[in-house]
Amino acid sequence: MTQPNTFKIIAMDGGAAVGKSSTSRGLAERLNLMHVDTGAHYRTLTYALLRAGADPANPEKATAALAHLKLDTALEDRSAKLSIDGTVPADADIRSPEVNAAVSGFAALPPLRTFLFEYQRSQADIARAKGFDGLIMEGRDIGSVIFPDADHRFFLHADEATRSARRAQEGQTDSIATRDQMDTTRKTAPLICPEGAIKIDTAPRTLEEVIETITRIIQP
Ligand code: DC
């Protein structure tokens, strides 16, 4: 008898610092899911492109530089990380003020998004092959573009003061409002709440409460 297909794909979208990563990691732990942070994909590419001398204002040079990058996946605990030319850059490098300032500009370039599309979709096969019960992928366009066919789609949001306070607590300098403005207004795959996604305000809830709310929806 064939086993029922219980493998689940969960899309977790939202703006900067709404709590996507902590929530996704917590859910991955609780539900035996593989976790993928696609914001880290854009950050990793931004880091590599800046090192190659590319600039978001010069799309031709950035697109040409992409052709030289070899993408792969490295599993660290439950999180699948993007490696470039065999290396996963350090967190401090992909979350630096330089990368924060350039990432939305690069992420708005259609060739860069196309470059990542198949790679991001292929993460579901890796999660299956590694024996996880599902995949949780966080980003801006997961429920709208990458996995519109996901089993569950969530959209997290919070007021700006709460989000800035969270980043400050992490010791990070981040222009949340500017990035959100660029991510929401770009032409390709803008940050939107996909139709049918469940919206959750994380400001009045603790992390545990958000994880609990979502777990009950996934496993009623
Ligand atoms: O989640 P984050 O703040 O680390 O994401 C960094 C940037 O990457 C964000 O400002 C926009 C871009 N991004 C994107 O365009 N699409 C995604 N699916 C994820 C992130």
Side-chain angles (χ1 to χ4, degrees), residues 9-25 27-28 35-50 54 56 59 62 66 71 79-82 84 88-124 135-148 150 153-158 160 162-194 197 202:
I9 295 183
I10 296 153
M12 185 69 65
D13 288 304
V18 293
K20 297 188 300 293
S21 288
S22 317
T23 305
S24 301
R25 284 205 190 88
L27 285 163
H35 164 241
V36 177
D37 172 4
T38 62
H41 295 171
Y42 287 94
R43 289 173 176 280
T44 299
L45 281 189
T46 297
Y47 173 70
L49 290 172
L50 288 175
L66 285 178
L71 308 189
S79 289
K81 305 274 174 86
L82 168 65
I84 293 196
V88 179
D91 236 41
D93 287 332
I94 66 166
R95 297 181 195 283
S96 67
E98 293 73 25
V99 169
N100 278 343
V103 65
S104 290
F106 281 120
L109 302 178
L112 196 129
R113 305 198 73 83
T114 307
F115 184 71
L116 281 175
F117 180 82
E118 284 304 332
Y119 173 81
Q120 291 176 342
R121 294 264 318 169
S122 76
Q123 298 297 301
L135 167 71
I136 186 159
M137 185 172 277
E138 53 164 304
R140 304 292 189 288
D141 62 342
I142 310 308
S144 57
V145 175
I146 306 299
F147 287 115
R153 294 179 302 155
F154 296 97
F155 187 85
L156 304 188
H157 63 102
E160 202 185 318
T162 304
R163 297 192 289 150
S164 299
R166 284 178 184 158
R167 277 293 189 262
Q169 234 175 13
E170 292 163 2
Q172 279 201 49
T173 325
D174 194 354
S175 39
I176 291 169
T178 314
R179 283 207 290 129
D180 270 2
Q181 164 73 7
M182 287 177 77
D183 296 341
T184 311
T185 53
R186 71 183 174 219
K187 285 207 177 68
T188 311
L191 165 65
I192 47 157
C193 176
T202 64

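Order of appearance sets the numbers: ligands from 1, and atoms from 1 within every ligand.
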Start with the C-alpha gap between Ser22 and Arg166, add the side-chain angles, then the distance that decides, and say whether side-chain hydrogen bond (donor to acceptor under 3.5 Å, both in side chains) holds.
CA-CA 11 Å; Ser22 317; Arg166 284 178 184 158; over 6 Å; no
Would you say ligand 1 has an N or O under 3.5 Å from any N or O of Glu138?
no
Among non-hydrogen protein atoms, atom 2 (P) of ligand 1 lies closest to Arg140 NH2, 3.5 Å
Short list, please: which atoms of ligand 1 are under 4.0 Å from a heavy atom of Ala107?
12 (C), 15 (O)
for atom 4 (O) of ligand 1, nearest protein heavy atom and its distance come out as Arg43 NE, 2.7 Å
Excluding sequence neighbours, so at least two apart, what forms side-chain contact (heavy atoms from CB on, under 4.5 Å) with Ala101?
none
Top protein contact for atom 18 (N) of ligand 1, by heavy-atom distance:
Asp141 OD1, 2.8 Å
In terms of residue, atom name and distance, what is the protein heavy atom nearest to atom 19 (C) of ligand 1?
Thr38 OG1, 3.4 Å
Which of the numbered atoms in ligand 1 are under 4.0 angstrom from any heavy atom belonging to Arg179?
2 (P), 3 (O), 5 (O), 6 (C), 7 (C), 9 (C), 10 (O)
Nearest-neighbour protein heavy atom for atom 13 (N) of ligand 1, which is reported as residue plus atom name and distance:
Tyr42 CD1, 3.6 Å
What part of Arg113 sits under 4.0 Å from ligand 1 if we count only heavy atoms: the side chain, the backbone, both or neither?
side chain
Pick out which of Arg95, Arg140, Lys81 makes a salt bridge (charged side-chain N to carboxylate O under 4.0 Å, His left out) with Asp37.
Arg95
Show which atoms of ligand 1 fall inside a sub-4.0 Å distance from at least one heavy-atom site of Lys20.
1 (O)
Using a 4.0 Å cutoff against the non-hydrogen atoms of Val103, which atoms of ligand 1 qualify?
7 (C), 8 (O)
Taking only heavy atoms of Ser104, which atoms of ligand 1 are found under 4.0 Å from at least one of them?
10 (O)
Show the atoms of ligand 1 that are less than 4.0 angstrom away from any heavy atom in Arg186.
14 (C), 15 (O), 16 (N)
Should the pair Arg167-Glu170 be classified as a salt bridge under the 4.0 Å nitrogen-to-oxygen rule?
yes
Partners of Tyr119 by ring pair (Phe, Tyr, Trp, His ring centres under 6.0 Å), sequence neighbours excluded?
His41
